[in-house]
Amino acid sequence: MNTLDFSPVITSLTGAVTPAQIITLVASVIAFGIPFVFMWFGLRKVIKIFRSAVMGGHITV
């Protein structure tokens with residue numbers, strides 16, 4: 001069985017991708033994810049308020 005030589009692919013990838021691009025990508029993913037995290041916690045809070053209002057009979061914030 002012949003072995004595959006990935007060295008040209010690795011060389012081209014390391015030459016094409018810079019550390020600045022990786023940092024920019026990570027920062028973009030974090031900046032895109034933060035609103036979803038806040039939305040998740042807000043949605044959990046709203047569900048808790050609604051659930052306690054149905055079970056307890058009054059709304060508390």
Side-chain angles (χ1 to χ4, degrees):
M1 178 179 244
N2 294 336
T3 58
L4 296 174
D5 185 20
F6 287 109
S7 60
V9 175
I10 293 172
T11 304
S12 64
L13 282 176
T14 55
V17 178
T18 63
Q21 290 173 330
I22 294 172
I23 292 171
T24 304
L25 178 67
V26 169
S28 299
V29 168
I30 290 172
F32 186 72
I34 287 173
F36 287 105
V37 170
F38 284 132
M39 193 168 37
W40 170 257
F41 286 121
L43 185 61
R44 287 181 61 203
K45 178 72 173 176
V46 167
I47 289 172
K48 181 181 175 187
I49 291 170
F50 179 74
R51 202 178 277 169
S52 67
V54 169
M55 297 301 226
H58 60 280
I59 296 176
T60 59
V61 178

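Basis for what follows: all heavy atoms, side chains included, without hydrogens, waters or symmetry-related copies.
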Counterpart residues, side chain to side chain contact (heavy atoms under 4.5 Å, CB included), relative to T18 (two or more places apart): A20, Q21
Is there a path from M55 to I47 through hydrophobic residues (I, L, V, M, F, W, Y) whose side chains come within less than 4.5 Å of each other? no
Of all heavy-atom pairs between T14 and T11, which one has the smallest distance, and what is that distance? OG1-O, 3.0 Å
Output for pair (W40 CH2, K45 NZ), nearest 0.5 Å, gives 15.5 Å
Consider only side-chain heavy atoms of I, L, V, M, F, W and Y, link residues closer than 4.5 Å, and tell whether V37 and I34 are in one cluster. no
